[in-house]
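Notes follow the structure.
Lettering follows sequence order; numbering is per chain, from 1.
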Number of protein chains: 2
Amino acid sequence: MPAIGFQPHDHSACVDGALSKAQAHCAALGLRMTPVRRRTLEILLAEHRALGAYDILGVLSEEGLGAQPPVAYRALDFLVKAGFAHKVEALNAYIACAHLGADHTPAFLICRACKSVAEADTAPAKGRLDDAARAAGFVIERTVVEAEGLCPDCQTDTKAEGTKAKGTTP
Amino acid sequence: MPAIGFQPHDHSACVDGALSKAQAHCAALGLRMTPVRRRTLEILLAEHRALGAYDILGVLSEEGLGAQPPVAYRALDFLVKAGFAHKVEALNAYIACAHLGADHTPAFLICRACKSVAEADTAPAKGRLDDAARAAGFVIERTVVEAEGLCPDCQTDTKAEGTKAKGTTP
DNA sequence: CCAGTTATGTTATAGTATTACGCTTGCTAC
DNA sequence: GTAGCAAGCGTAATACTATAACATAACTGG
Ligand SMILES: [Zn+2]
Ligand SMILES: [Zn+2]
Ligand SMILES: [Zn+2]
Ligand SMILES: [Zn+2]
């Protein structure tokens with residue numbers, strides 16, 4: 001499964017699966033899936049797009065779950081550390097993990113037109129980078145692999161001039 | 001030359017070479033290497049570290065070359081577009097290109113202890129990522145490959161607990 | 001010189017993230 | 001049970017990163 005996010009798929013199964021896997025993972029490791037954290041994960045899972053911390057905060061505060069930035073950042077930190085979400089560095093935004101449960105190093109394909117983000121696996125790319133790092137005597141702890149460009153849908157749309165919306169909240 | 005930045009080297013030759021290559025490149029393409037832009041490049045070249053836009057701005061303003069954020073951001077944009085510098089997304093910071101003149105997609109090795117950054121070549125990793133993207137029907141326009149970890153020097157320093165300084169401004 | 005373009009100066013504002021501190025909640029040890 | 005502790009949350013304040021908008025100045029080609 002190379003890149004979840006662009007292909008049409010059963011998204012509610014996608015969401016339900018991720019939520020139950022996250023729940024199980026928390027139970028197994030003694031992590032606490034609190035209301036704010038669960039809701040934050042749900043918000044991220046709703047779309048295969050990266051959301052800013054303040055987008056999350058907006059929703060949380062509408063729902064009475066917290067009104068200040070640290071609420072969102074703390075929940076996001078938890079989700080990222082637990083492996084339920086990733087930070088997309090090129091966007092300063094966050095996205096739910098699409099391969100939840102697999103221990104992996106993500107690679108993102110980011111569409112600059114519709115803002116959707118697909119998560120691929122980097123195993124191949126990472127091997128080569130590891131080689132280069134080893135040669136330099138560098139020990140890698142975390143890798144960021146992100147590619148910006150145009151997704152299949154947006155390549156045909158009049159050369160991707162404007163802003164196109166996709167997903168569950170158009 | 002896999003990763004310039006960690007190995008000891010003749011750094012003033014490194015700086016001079018980059019400056020003259022940049023100058024030549026501007027002459028060839030009709031780009032304008034203005035005082036602010038040249039000085040910004042010099043500041044970045046002084047260290048194999050990423051500097052924030054406001055670090056740059058601080059130096060520029062001390063020298064009477066501009067006091068407001070857009071001054072630094074415009075100079076950095078120029079340098080990045082011209083290929084003389086790169087943005088390190090994981091740090092929201094900027095670094096002079098270590099392979100100036102080569103048309104390349106950079107990969108960065110970022111030391112979390114001493115903050116030095118080495119620039120390696122991604123050609124191998126990029127090929128694999130291209131394959132994955134093609135399979136998904138995605139067209140890549142720009143790639144970001146960054147690895148955080150510990151550089152050779154910092155691996156031995158008591159497990160890299162504190163803040164260590166390195167480079168020309170210790 | 002003149003018009004067009006590119007660069008700079010400056011103000012204001014938007015967007016992203018963290019520090020700090022006090023309160024509450026849930027767990028464990030007694 | 002309840003005292004003590006650790007983790008999580010509420011809130012205010014602040015730091016850091018980046019851009020929009022508009023006026024002025026400098027360079028370019030005719
Ligand atoms: Zn889905
Ligand atoms: Zn798209
Ligand atoms: Zn050097
Ligand atoms: Zn480079």
Side-chain angles (χ1 to χ4, degrees), chain A residues 22 26-27 29-41 43-44 49-82 84-95 112 115 144 146 163, chain B residues 22 26-41 43-44 49-82 84-95 112 115 144 146 148 163:
Chain A
C26 285
L29 274 75
L31 303 174
R32 283 155 65 177
M33 179 61 87
T34 65
V36 178
R37 292 168 175 179
R38 187 199 329 277
R39 185 70 188 115
T40 301
L41 180 54
I43 294 164
L44 289 176
R49 276 177 53 216
L51 299 176
Y54 283 71
D55 295 332
I56 301 288
L57 181 59
V59 177
L60 291 178
S61 85
E62 279 177 9
E63 300 177 356
L65 284 169
Q68 282 70 33
V71 173
Y73 282 102
R74 285 193 287 232
L76 288 167
D77 285 350
F78 169 82
L79 296 175
V80 168
K81 284 204 185 104
F84 303 157
H86 303 291
K87 180 171 185 185
V88 182
E89 297 288 352
L91 302 176
N92 292 318
Y94 304 82
I95 189 166
R112 68 169 162 78
K115 308 299 181 196
V144 174
E146 302 175 0
T163 310
Chain B
C26 285
L29 275 75
L31 302 174
R32 284 152 66 174
M33 180 60 88
T34 66
V36 178
R37 292 168 176 181
R38 188 199 329 279
R39 186 69 189 115
T40 301
L41 180 55
I43 294 165
L44 289 175
R49 276 178 51 216
L51 298 176
Y54 283 71
D55 295 332
I56 302 288
L57 181 59
V59 177
L60 291 178
S61 85
E62 278 177 9
E63 298 176 357
L65 284 170
Q68 284 69 32
V71 173
Y73 281 102
R74 287 195 283 233
L76 289 167
D77 285 350
F78 169 84
L79 296 174
V80 168
K81 285 205 183 102
F84 303 156
H86 303 291
K87 179 169 186 187
V88 182
E89 297 288 352
L91 302 175
N92 290 320
Y94 303 81
I95 189 165
R112 68 169 162 81
K115 307 298 180 195
V144 174
E146 300 174 1
E148 283 178 304
T163 310

* Do the side chain of Asp55(A) and the main chain of Gly52(A) share a donor and acceptor less than 3.5 angstrom apart? -> yes

* Structure fact -> Tyr73(A) atom OH is separated from dC9(D) atom C1', nearest whole Å, by 17 Å

* Under 3.5 Å: donor-acceptor pair, side chain of Glu146(B), backbone of Ala90(B) -> yes

* Asked: Arg37(A) has an atom CZ; how far is it from atom P of dG26(C), in whole Å?
  -> 13 Å

* To do: Could you say whether Arg32(B) or Pro70(B) is positioned toward the 5' end of DNA chain D, judged by the nucleotide with the nearest heavy atom to each?
  => Pro70(B)

* Structure fact -> dist Lys87(B):NZ -> Leu79(B):CG (nearest 0.5 Å) comes out at 14.0 Å

* Asked: CG of Asp77(A) versus P of dA17(C): gap in Å, rounded?
  -> 10 Å

* With heavy atoms under 4.0 Å as the rule, sort Leu65(A) into base, sugar-phosphate or nothing. => sugar-phosphate

* Protein-nucleotide distance (Leu76(A), atom CG; dT16(C), atom C1'), rounded to Å -> 12 Å

* **Proximity to the side chain of Gln68(B) - top-ranked nucleotide from dT10(C), dA18(D), dA17(C)** => dT10(C)

* Asked: Can you check whether Asn92(A) has a side-chain N or O nearer than 4.0 Å to OP1 or OP2 of dT17(D)?
  -> no

* Check the distance between dC9(D)'s P and Ile56(A)'s CD1 and give it to me in whole angstrom. => 15 Å

* To do: Report which part of the nucleic acid Arg74(B) touches: base, sugar-phosphate, or nothing (heavy-atom distance under 4.0 Å, all strands).
  => base

* Asked: Just how far, in rounded Å, is P of dT5(C) from CG of Leu31(B)?
  -> 18 Å

* Asked: Would you say Tyr54(A) stacks on dT16(C), if stacking means ring centres under 5.5 Å apart and planes within less than 30 degrees?
  -> yes

* Structure fact -> Heavy-atom nearest nucleotide on DNA chain C taken for Thr34(B) and for Leu91(A); more 5' hit belongs to Thr34(B)

* Please report, rounded to the nearest Å, how far the P atom of dA15(D) is from the CG atom of Asp55(B). => 16 Å

* Structure fact -> From CG of Leu57(B) across to P of dT19(D) the rounded distance in Å is 14 Å

* Asked: Reckon Leu60(B) touches a base, only the sugar-phosphate, or nothing at all at heavy-atom distances under 4.0 Å?
  -> nothing

* When rounded to the nearest 0.5 angstrom, what is the spacing between CD1 in Ile43(B) and CG in Leu51(B)? -> 8.0 Å

* Asked: So, does Arg37(B) use its side chain to make a donor-acceptor pair with the main chain of Phe78(B) at under 3.5 Å?
  -> no

* So, is Lys87(A) near the phosphate of dA17(C), with a side-chain N or O under 4.0 Å from OP1 or OP2? -> yes

